[in-house]
Number of protein chains: 2
Amino acid sequence: MSTIGKALSLLDTLSRLDKEVGLTDIARLCALDKATARRFLVELERHGFVEQDPDSRRYRIGSAPVRLARIREARYPFLSIAVPFIKALADTSAETVHLSEFSGGRLSTIHVEDPPRAHRIIVDVGSLLPFHATASGLAFLAFCPRAEIDQALRKPLEKFTDHTVVDPHLIRGLLDETAARGFSISHQGLEAGVISAAAPVRAPDGRPVGCVAVAAPLSRTTETAIHEFGAQANAAANGISEKYYGSERLTGTSPETRRRD
Amino acid sequence: MSTIGKALSLLDTLSRLDKEVGLTDIARLCALDKATARRFLVELERHGFVEQDPDSRRYRIGSAPVRLARIREARYPFLSIAVPFIKALADTSAETVHLSEFSGGRLSTIHVEDPPRAHRIIVDVGSLLPFHATASGLAFLAFCPRAEIDQALRKPLEKFTDHTVVDPHLIRGLLDETAARGFSISHQGLEAGVISAAAPVRAPDGRPVGCVAVAAPLSRTTETAIHEFGAQANAAANGISEKYYGSERLTGTSPETRRRD
DNA sequence: AAGCTGAGGTTCAAATAATGAACCATAGGC
DNA sequence: GCCTATGGTTCATTATTTGAACCTCAGCTT
């Protein structure tokens with residue numbers, strides 16, 4: 001692996017910890033030598049990607065990503081374009097609607113809209129969505145090239161609940177269904193008692209960039225209702241994509257041919 | 001320079017461009033070989049720090065920094081803590097108040113509050129503040145260790161207006177004044193007709209992390225008024241620092257001894 | 001249509017930078 | 001005063017990075 005990759009993985013590891021850590025821990029967590037970890041941290045610090053607490057000597061994410069994020073969002077405000085769609089869907093569905101974005105090989109939650117009712121599903125911004133066990137993950141995978149599906153299903157698949165589907169063959173079946181109808185359904189895949197439906201937001205080349213998902217308590221959600229949520233998520237996702245990518249002309253490869261090529 | 005440093009500089013360069021650029025341009029701007037630039041871009045893309053438009057093949061900042069920024073801000077919400085202070089100062093001063101943060105060797109604007117009047121100074125979020133020619137830059141430098149002041153003043157200093165002070169000796173004089181009274185004043189240093197006063201937000205160890213600045217049209221600003229703004233900026237900066245760093249105990253080295261050591 | 005131009009992208013021997021075992025320094029606990 | 005654990009550093013060894021030259025393709029010129 002390249003040095004750059006290792007340094008960025010360190011940054012990623014650091015970002016996933018819920019507390020500041022010292023040099024020794026970082027080295028251990030990243031499977032790096034202490035000297036190497038230190039050199040990376042110094043270099044990352046020089047550029048503002050990490051900072052070291054001058055007192056405790058522990059490290060945390062620095063302010064450079066904040067600056068980059070501002071620039072990216074200013075030039076490419078995905079979230080601000082998507083949020084109104086998510087809000088609208090939360091209103092009409094009266095359930096929790098969340099938006100995820102694919103980044104660095106993972107699908108992470110970037111926005112959540114709660115419906116105005118007490119009994120609802122709680123989703124945290126920033127939470128990561130396993131591909132095999134969430135509606136968003138399935139919706140995302142279903143529209144990925146075959147090679148990436150294979151890669152995702154080769155990894156060990158965690159069984160989060162009694163209902164989590166972990167058999168790669170069965171998952172492929174779910175992906176086919178998803179691709180056919182335009183949205184996925186996860187029946188208690190990540191957490192018991194929760195059902196959700198999701199549809200991918202796709203770039204003009206057909207590649208998914210994230211997902212819109214509706215999550216509801218299983219107890220009050222009928223088969224008809226979850227399919228309706230799925231269709232609405234699909235409409236929202238398409239709306240976001242259209243507004244975000246605007247008049248960008250489609251590439252030679254059409255969305256249809258791109259899927260699972 | 002380390003490979004990591006070069007890759008992060010590439011990212012920095014990419015972030016400073018106001019349009020998406022192709023491989024050849026990036027290589028030229030970063031003084032890198034085309035093959036090297038490409039390897040960096042591929043590696044950065046793998047981790048979501050850049051993305052390539054699949055159609056135009058140009059590169060832009062990716063979404064990974066957005067994720068990191070969210071995490072940092074969630075754990076360490078500098079801006080959300082500082083904004084109320086900036087807003088309050090914009091109200092009482094009735095002038096533009098902006099907040100900057102030091103990152104990657106530069107001071108960049110991270111928030112601006114406009115006062116409710118038509119004739120006012122416009123400052124853009126994201127703009128970089130030269131150390132020698134802005135109130136923020138001077139306020140920041142004045143509380144830095146001597147070695148860093150020397151380093152900053154060794155570089156060639158651009159003369160932005162007829163009033164920009166570029167003589168290192170004179171600048172040191174301004175820094176001494178600033179350190180003594182707790183805030184800096186820039187008299188048309190960056191732009192003619194603008195006067196501003198700034199004070200540093202300092203970490204518990206005394207190190208400045210950013211600045212609060214008030215910028216006003218020279219035409220309506222008296223000597224007394226700008227000193228008043230400076231004092232208010234200082235109060236705001238101290239308020240932010242206190243709220244941000246909270247109960248963090250000071251290190252052995254006190255703020256006083258740390259200055260220009 | 002043939003030939004050019006300049007873009008993105010790739011290869012592989014040579015050059016350079018990364019690596020990590022062993023080291024030092026310091027702080028806290030006993 | 002010793003022990004241990006932490007952060008931090010050194011330098012000979014080793015693996016990665018480097019870049020000139022190359023390929024490929026799309027658009028333009030003649």
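Remember, it's a predicted structure, so these values are computed and weren't measured experimentally. We name chains A, B, ... by the order of the sequence lines, and we start the count at 1 in each one. As a basis for the values below, the full set of heavy atoms in this structure was taken, side chains included, without hydrogen atoms, waters or symmetry mates.
A sub-4.0 Å separation between OP1 or OP2 of D:dG8 and a side-chain N or O of A:Y59 is present. For D:dA5, the OP1/OP2 oxygens have no side-chain nitrogen or oxygen of A:T24 closer than 4.0 Å. Of the side-chain N and O atoms in B:T3, none sit less than 4.0 angstrom from OP1 or OP2 of C:dA17. OP1 or OP2 of D:dT9 sits under 4.0 Å from a side-chain N or O of A:R38.
A donor-acceptor contact under 3.5 angstrom links the side-chain atoms of A:K34 to the base of D:dG8.
Heavy-atom distances to DNA chain D give each of B:L32 and A:V21 a nearest nucleotide, and the one nearer the 5′ end belongs to A:V21. Looking at which nucleotide of DNA chain D each of B:A35 and A:A35 is closest to, the 5′-most match is held by A:A35.
Not a single donor-acceptor pair under 3.5 Å links the side chain of A:S241 to the backbone N or O of A:A237. One N or O on the side chain of B:H132 and one on the backbone of B:E158 form a donor-acceptor pair closer than 3.5 Å.
Rounded to an integer number of Å, the gap from B:L41 CG to C:dA7 C1' is 15 Å. In this entry the distance linking CZ of A:R39 with P of D:dG8 reads 14 Å, nearest Å. Residue B:D33 contributes atom CG, which lies 12 Å from atom C1' of C:dG9 at whole-angstrom precision.
Between A:R39 and A:D33 no salt bridge is recorded (no basic side-chain N to carboxylate O distance below 4.0 Å). Salt-bridge annotation for A:D12 and A:R106: present, with a side-chain N of the basic residue lying under 4.0 Å from a carboxylate O of the acidic one.
Proximity note for A:R57 (side chain, C-beta onward) versus D:dG8, C:dG9, D:dA20: the nearest is D:dG8.
Listed by residue number, there are no residues of residues 4-12 of chain B with a heavy-atom contact under 4.0 Å to DNA chain C.
Relative orientation of the B:F131 and B:F102 rings is tilted, given thresholds of 30° and 60° on the angle between their planes.
For the pair A:V66/B:L79, no side-chain contact is recorded, criterion being any heavy-atom separation below 4.5 Å from C-beta on.
Counting any heavy atom pair closer than 4.0 Å across all strands shown, A:E43 reaches no nucleic acid atom.
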